[in-house]
Every structure is written in C-alpha cells, then in structure tokens.
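Before any comments, here is the structure.
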Amino acid sequence: MTSDNIPNSNPVGNEDSGDESESIPLAQIDTLAPTPKKRKSTKNGNGATKRKKRLVIKDEDDDEPLALKSPVKAKKPKTKLNGKNGQEKVKKETSQTLDAQLATPTDLIKKEKEEEETYKWWEAQDMDGEQKWESLHHNGVMFPPEYEPLPSHVKMYYDGKPVDLAPAAEEVAGFFAAMLETDHAQNPVFQKNFWNDFLQVVKESGGANVEMKDFTKADFTKMHAHFEMLKEQKKNMSRDEKKALKEAKEKEEEPYKTCLLNGRKEQVGNFRVEPPGLFRGRGAHPKTGKLKKRVYPEDITLNLSKECKVPEPPAGHKWGEVRHDNTVAWLAMWKENISDSLKYVRFAANSSVKGQSDFKKFETARNLKFHIDAIRTDYTKLLKDPLMQNRQMATATYLIDVFALRAGGEKGDDEADTVGCCSLRYEHITLKPPNQVIFDFLGKDSIRFYQEVEVDKQVFKNLRIFKKPPKQPGDDLFDRISPPMLNKQFQGYMKGLTAKVFRTYNASKTMQDQIDLIPNEGTVAEKVVRFNAANRTVAILCNHQRTVSKTHGHSVQRIHDRIKEMMWQKIRTKKMILELEPGLRRKDPKYFEELEDLSKEDEQHVHHLLLERAREQAQRKFERENQKLKAEGKELLSSSVLDEKMEKIKEQEKDLAEELKTGKPVMKSTTTVEKLKAQVEKLDGRIVNTTFQLQDKEDNSEVSLGTSKLNYIDPRLTVMFSKKFDVPIEKLFTKTLRDKFKWAIESADENWRF
DNA sequence: GGTCTAACTTAGTACATTGTAA
DNA sequence: TTACAATGTACTAAGTTAGACC
C-alpha cells in the first residue's frame, strides 16, 4: 500500500487544511514522485482482443442467419399519421402528381431524391443504444488509380546522375518530389524517414543503376518541375475539358457515394480508400515522412448485411474479410501501416446514424446543466481532501471544467509529444504566487496552449504540491490519476458524463450566454458579425487555432491602404466644400476638425497608390485589348495608345503634386456643397464598415471558428438565433452544415435554450 | 487496477469552388 | 471577363472512450 492511500493519519488539526505543508503529512508528499507512469510504446503484440461480445458473424463459419439473433426487417420510415406530418405528406403527394405531368425524367429523379431524404429520424423516437443498423447495403469502396510511370525523360538525379527506378520506387520518389516546396520536405525528420523508406523500396523493387546513400545528393527538382507542369496544364484546360473531367469523376464515384441503410438511401462519408503517400504527421512526429503504403482489397474488411450481395472486388483481387456486424457504424475498414491503427469508411455527417449520435452528444452535454452545481461543489470540497489521489482528481476536474482542457491520455514515444490535463508535466505550468498559473504546452495537433490565468487558491496550492521535489522537469503533474479514473468518477456524477462532455457543455453554455447578450437590432450583416463574435468566444475557450495565412499580412495592408485612401478622399471632399463655401468652417468647426488628420506622408502614399493603380490598369487594359485583337486577327494597337494614357496619368500626377503643395483640391465646376456632403457621408459609412472588417480579420487571423461550430456549439442554438434574430440560416450554416444539422433546423424554435 | 485496441469524435490543413473587385 | 481572395469542403491525423482481458 502506498502512503497516499492512507487517509490523513497525522492531521495537523488545521481546520483550514489549505496549505500543502499543513494538510498533507510529509511522508505523503515525499512519495509523490515515484511511480512514474510508464510511457506507452506501441507494441505490435498479437493480443487480438474482441472488444465486446458482438453479433460478429464471419461469412465462412456461420450458416445461421443473423435474423435468429436480431431479426432484420426493413424498417419503414415512420410517419406520424396525425398533425403536421400527415398534412405535409398529402401536400407533397399532390404536388408530385402535378409535377409528374410536367416534369422531365431528370426532374423526377431529383424529386425522388428529395423524397428519399425526408426521413426524419428525430421524429421517429427510436434511438436504440447498441444496434446501429438493421440492414446495410453498399457497393464497397473506391480505390485510387494504379500508379502510372513517368515519361522516361523525367527522373530523379543522384550526385548529378539520372537514376533509373522501378515504378514502385519511382512512385515514392514522386511523392517527395511533389512536396518539394512544402515545409514538410524541409523537415530533417521527414527527410530521413522518407529516405529510409525510399531506399527500402528501391532495394525491394530490384535496385537502381546508381547506388544511393546520401539524401543530400538526391535531386528531385526535375520531377517536381514535371508535376508543376501537369498542374499548370490542368489549370489551363478549357471549360469543356474541365466539365468532361468532372462528369467522368462523378460517374465513377456514383456507386460508392450512397448506401442503403435500413432500406433508405444515405450518403457515405469517405468512400475513397486513402491513396499511398508520405505520412504528414503534425508537429514533431517521429514518423513523419514515412511511406504510407497502398491499400489493397486484401487489406480491407467490409461490413454489411448478411443478405446484401458482396460487392465485386477489383479484378484479380479478393476482400480481406466480410463481416455483418450491426453494432458498429462503419462500412469498411483497413489497418494502416504507420502506427498500425484502423481506418474506417463511415456514413456521411448528414446520415441518420451520425445525426443521432450528434443529437445524443448534445443532449448529454445539456443534461450536465442539472448537475454542474453539485459537481463543482463536490470537487471544490475534494480539492482539500487528505488523499493525494482525490486532490489530483479534483484539481484535474477543475482544470477540465474551467479551462476546457482535454482529458490527456498517455502517448507513446513514437508519437508527437503532446499533452492534455492528465499528461501535463512539471515543465508545462509555471506558478506565480499568490494564485497565477502560466500554462504552456502543446495540445492536440501540437497546437500551443498558452494562458496566464488566475486560479482558485486551493488549486494553486495543490499544483504547488504536485510540483514539489523530488519532482522535476519530465515528471507527470498528475501521477496518481488517469483519464479512465476521471471518467469513472464522472459517471458517478451523471450518466454519460466523461471529460469531453465538459468541453461540449462549456462551449454551448458560453454560446448561449453570449447570444443572450446580443441586442435584437441592426442589419442582418451586423447581427451576423455579433454571432461570429460569440462564436469566437467559444473558439478561444476551446483553443481552436489556425495558422495565419501566408497572404494575411498582405491583405491587411491592402485594407489599411483602402481605409487611408477613403480618409484622403473624405478630407479632400471637405476641402472642396470649403472652397465653395469658406464660411462653413466657422459655422461648424467640428465637421472640419479632421482636415489636418492626414499627414503629408500619408497623403503622398495615397497619391502613389492611386497613380500606381491607374498605371497598372492602363497597362492591363492595353494588353487585354491587343490580345483580343490578335485572336480576331485584326491589327494591334500601337504602343502610342498606351503612351498617351500614361501621359494623362503623368498630368494627373502633376495635379496631385500641386495639390499636395497648396492643399487645394482640383475640382469639377458642376459640383455643389450638398453633393459633396452626401459624398462625405457615404465615405464615412464605408470607412466605418471597412474598419470593422479589418478588426474582424485581425481578430480572426489565428482563431478557427469552424471547429466549434461543427463540433461544440449545439446547432439548435444557431437555429434559435436565426429564428429569433431573423437572420437567414444560410448566413450562419453553410450548405454542408445545414445538411448535417437538419435535425436541429427542423426541431428548434426561437425560444429554444441550451 | 493496468494495458490493449476498436470505434468513435474532433482537428487543422490542403485543395476546390465561389465571390468580388477591377 | 478575369484574377485573386475568401469561403467551403475533403481529407486524414490525432484525440477520447469503453470493453476485454490479464
């Protein structure tokens, strides 16, 4: 028995029991550090275990129909006979007969499609637990095309010499060549892993004419150039060619796109088998760059109804296995070679199966609101528990609840070193008395989590205990607990409660609170901006980041320039007003206050931009017109036409220079003060809008709103917002999201609350 | 209790499509 | 109409969780 299992046998009698030195016997503190949790390293053991007793029936050894265990009946879509639904049905039928008289066959097919899609599982109320489907028919998976060798003149070079490779090796070289300009290809780990695997394939495929050892002597530029050329060619294809290509693609994927789930047509998500390539691990992944091998039908396990005809595997091949397991929600599966994990082909996000589990997820999170107060009270109490393990549990729960940390399971040495709550180490937090904590660690996807926060006093004390010597950098902060233990405790609080539910709950709760703060006024655009701001609060809570786009700086600069230009125009217009009516300045000094706001440099900068743009435009227009003339076989414009234009711009330049000197704008004689004032007003509006847009862009540059919208914010909140604030749902959900969240769109009203 | 791993959700990025300013 | 930026979608890596088994 370790000492931390002994209840506080030596209480210093302090009621407060707050301070670490008081509440925990020394002996207990001393034993904190040992029992380092073993780092899991992926083993390739043969302990093939079955997860649960399932209705797994393999083709070969089972002649008993599945029906004996679970009767398979093609379930009819349930439609309520009364009320809204019944009416709807009648209406549809009449409209269909009408349509049928007029419609073309394709229209009919479309109509049929719509009919198929109208199954409303959320009104059927039969969301069973264990069983995922009653019948499942599909056509298998789509394989990537076979490798086609490059033209003989396109080669990689080694030490200056062209290398002849077997197709299998050439393919791998090509993977790297295609990525030559990416960050991956500059990463030494990626290079090393690629090179090792590549040499292996070279060896296995019969070697090459040149002996290769040193990566730095390998030259993939010719191959790279070839791929770039192909890309360019594709881009330059005519409209018709592109269309034909697209049609061919659609025809090819048609059979795999959908399946029959309980007799209804539903979409399949990732029906394409992942093509071979180089593994693009995120962050400092030790295996990044390794060869992801081609997947063959023999590697694939299909899952479908017993009575479904097994799809034909590609010629000359066989399926690895065929299963009929209706307790799982996948259609096909294979094992990938990088880390021996499984990959699944699943239903699409808009399918009933996915919809139901999404619905369940949000209902569980929603249910947490009835328990959260008790839970918080409980873990606050446990923060002072004499048992070290309980203190760790309580402290971890606090971090998960308050800072939306993930559970943080153990990771192996062959994965990137990232952490979550339970796997936080000594070096990931810095403590600054009295109660400040600085978190700095890499979380999921190696995204940095950096936050300086104030925490509960007792949490601070506990964290200090968890860092006490002999603990040192590299040691686990929470060395007595693990995600399964946390989850077990959570189940005691509430059925279905796990660490991740806190994230969903807090995200949706935050969204609800934020929406409550939005005033129901203004234009649709303004309301959308407010909605996005609320969305952003959630994204920040969940630490959803994105890399700043390469063009971000550039586009920000452009917006700045645009604002400056509008400012200049506005000031210039006001100056014109004064030219017409100098007396106005005394009448309304405030209106003319900003006349001096723009510095000479700024003004000059704007002039420069203006003239540059004019020149570019003239040049482009000239070129375009000549191109057109050339295509029509007519005589080209002489360069004097362009010169003339440039001359005019030069004159304009002179005018502007003069204007800069005198401060007096050149103006049309026909204008009036009223017209000018209207212009100023218009410009003001545009300036405000653009400034707003700029702010939004800056705020969003590193925050990704999509992930929280897709996974964390209860879609019924968005629907509620849409209805209550009269903002079309199309402004808040893209087409895909509207499909995925159809259940929410049709079930929530303007009064719905999380 | 710990380990293994199947099966699922969550995540950022690469690429395709659409929108918009010129 | 074009070129480029913004937006949307597909892809697949990387998490969490739970059951089996020791």
Side-chain angles (χ1 to χ4, degrees), chain A residues 37-38 40-54 132 179 182-184 231 235 242 246 269-272 274-275 277 279-283 285 287-288 292 303 325 327-330 333 335-336 338-344 346 348-349 353-354 357-358 361 406-411 415-416 418-423 443-447 482-488 490-491 496 498-501 503-504 542-547 549 551-552 554-555 558-559 562 613-614 616-617 620-621 624 627-628 697 700 704-708 710-712 733-737 739:
Chain A
K37 274 184 270 182
K38 235 195 329 197
K40 196 169 73 183
S41 58
T42 357
K43 269 168 250 150
N44 205 0
N46 262 352
T49 48
K50 276 272 148 70
R51 190 173 164 203
K52 48 188 160 178
K53 279 180 194 142
R54 290 205 181 107
K132 298 287 168 63
M179 296 173 73
T182 66
D183 289 345
H184 289 293
K231 245 194 236 169
K235 217 168 83 186
K242 279 182 185 164
K246 200 178 165 191
N270 53 331
F271 51 85
R272 248 176 257 274
E274 290 176 21
F279 174 66
R280 301 169 184 220
R282 313 238 170 99
H285 199 298
K287 291 191 173 177
T288 193
K292 213 173 90 167
N303 189 34
D325 182 355
T327 67
V328 294
W330 50 265
M333 173 195 84
K335 198 171 227 179
E336 53 87 43
I338 300 293
S339 40
D340 255 350
S341 68
L342 300 168
K343 298 270 189 173
Y344 299 90
R346 300 167 188 288
V353 170
K354 287 278 185 144
S357 80
D358 229 24
K361 172 184 83 181
R406 297 188 182 83
E410 288 291 309
K411 293 194 74 185
E415 297 171 273
T418 62
V419 299
C421 184
C422 292
S423 46
K444 182 177 179 182
D445 293 295
S446 293
I447 295 295
S482 65
M485 287 161 76
L486 267 182
N487 286 335
K488 209 172 157 202
F490 293 159
Q491 296 288 340
T498 61
K500 79 201 257 299
V501 177
R503 261 168 90 81
T504 315
C542 295
N543 200 39
H544 290 146
Q545 299 184 20
R546 58 174 183 173
T547 48
S549 80
T551 54
H552 177 71
H554 180 238
S555 55
R558 274 187 8 158
I559 300 178
R562 226 162 62 209
R613 205 167 56 211
E616 266 171 38
Q617 262 171 16
R620 234 181 294 161
K621 192 176 173 206
R624 218 177 24 235
Q627 233 164 23
K628 208 171 152 192
K697 200 177 179 71
N700 265 343
S704 156
L705 302 188
T707 307
S708 48
L710 193 66
N711 300 304
Y712 287 103
F733 280 154
T734 63
K735 172 84 174 62
T736 325
L737 285 184
D739 272 358

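Keep in mind the model is a prediction, meaning the values are calculated, not measured. Per chain, numbering begins at 1; letters A, B, ... match sequence-line order.
A sub-4.0 Å separation between OP1 or OP2 of C:dA13 and a side-chain N or O of A:K444 is absent. Residue A:S704 places none of its side-chain N or O atoms closer than 4.0 Å to OP1 or OP2 of B:dA11. Of the side-chain N and O atoms in A:H544, none sit less than 4.0 angstrom from OP1 or OP2 of B:dT10. Distances shown here put every side-chain N or O of A:Q545 at or beyond 4.0 Å from the OP1 or OP2 atom of B:dA11. Distances shorter than 4.0 Å separate some side-chain N or O of A:T547 from OP1 or OP2 on B:dT13. Residue A:Y712 places at least one side-chain N or O under 4.0 Å from the OP1 or OP2 atom of B:dA11. Contact between the side-chain N/O atoms of A:K361 and the OP1/OP2 oxygens of B:dT10 is found at a separation under 4.0 Å. Between A:S357 and B:dT9 there is a side-chain N or O to OP1 or OP2 distance below 4.0 Å. The phosphate of C:dA10 has neither OP1 nor OP2 within less than 4.0 Å of any side-chain N or O from A:R272. One finds no side-chain N or O of A:S446 lying less than 4.0 angstrom from the OP1 or OP2 phosphate oxygen of C:dA14. The phosphate of C:dG15 (OP1 or OP2) has a side-chain N or O of A:T418 nearer than 4.0 angstrom. For B:dA16, neither phosphate oxygen OP1 nor OP2 lies less than 4.0 angstrom from any side-chain nitrogen or oxygen of A:K246.
With rounding to the nearest 0.5 Å, the separation of NZ in A:K444 from NE2 in A:H544 is 8.0 Å. Atom CG of A:L342 sits about 5.0 Å away from atom CE of A:M333, to the nearest 0.5 Å. One distance of note links SG of A:C422 with CZ of A:R406; it measures 13.5 Å at 0.5 Å rounding.
Distances were taken from every side-chain heavy atom of A:K735 (C-beta onward) to each of B:dA11, C:dT9, B:dA6; the shortest belongs to C:dT9. For A:R406, the side-chain atoms get nearest to C:dG15 when compared with the rest of C:dA13, C:dG15, C:dT17. Nearest to the side chain of A:N487, among C:dT17, B:dG2, C:dA14, sits C:dT17. Proximity note for A:K292 (side chain, C-beta onward) versus C:dG8, C:dT12, B:dG2: the nearest is C:dT12. For A:D325, whose side chain is taken as the heavy atoms from C-beta onward, the closest listed nucleotide among B:dA7, C:dT17, C:dA14 is B:dA7. Taking every side-chain heavy atom of A:W330 into account, B:dC8 is the closest of C:dG15, C:dT12, B:dC8. For A:R346, counting side-chain heavy atoms from C-beta on, the closest listed nucleotide (B:dT9, B:dG2, C:dT17) is B:dT9.
Between the NZ atom of A:K335 and the P atom of C:dT12 there is a distance of 20 Å, rounded to whole Å. Between the CD atom of A:E274 and the C1' atom of C:dA13 there is a distance of 9 Å, rounded to whole Å. Counting to the nearest Å, the C1' atom of C:dA13 and the OH atom of A:Y344 are 15 Å from each other. Taking atom CD of residue A:E410 and atom P of nucleotide C:dA18, one finds them 18 Å apart after rounding to whole Å. The distance from atom NZ of A:K354 to atom P of C:dA10 is 13 Å, rounded to the nearest whole Å. For the pair A:L737 CG and B:dT10 C1', the interatomic distance rounds to 14 Å; values are reported in whole Å. Spacing between atom CZ of A:F279 and atom P of C:dT12 amounts to 12 Å, rounded to whole angstrom units. Straight-line distance from the NE2 atom of A:H184 to the P atom of B:dG12: 15 Å, rounded to whole Å.
Counting non-hydrogen atoms of neighbouring residues, nucleotides and ligands closer than 6.0 angstrom, the NZ atom of A:K231 reaches no more than 12 such neighbours.
Within 4.0 Å (heavy atoms only), A:A416 reaches no atom of the nucleic acid at all. A:E336 comes within 4.0 angstrom of nothing in the nucleic acid, heavy atoms only. Contact annotation for A:L710: no contact, since no heavy-atom pair falls under 4.0 Å across all strands. Among the heavy atoms of the strands lying under 4.0 Å from A:G408 are primed sugar atoms or P, OP1, OP2 only; no base atom is included.
Along DNA chain B, the nucleotide closest to A:R503 and the one closest to A:P484 are compared, and the more 5′ of them pairs with A:P484. The 5' end of DNA chain C is approached more closely, in terms of each residue's nearest nucleotide, by A:G281 than by the other of A:G281 and A:V501. Along DNA chain C, the nucleotide nearest A:T736 and the nucleotide nearest A:K343 are compared for position; the residue whose nucleotide lies closer to the 5' end is A:T736.
Without hydrogens or angle criteria, A:K287 side chain to A:I338 main chain gives a donor-acceptor distance under 3.5 Å. Formation of a donor-acceptor pair under 3.5 Å by the A:N270 side chain with backbone atoms of A:R346 is found in this model.
Annotation: side chain of A:E410 is not in contact with side chain of A:S482 (no heavy-atom distance under 4.5 Å).
A donor and an acceptor atom, one from each side chain of A:S341 and A:E336, are located under 3.5 Å apart.
With hydrogens and angles ignored, no donor-acceptor pair closer than 3.5 Å exists between the side chain of A:K500 and the base of B:dT9.
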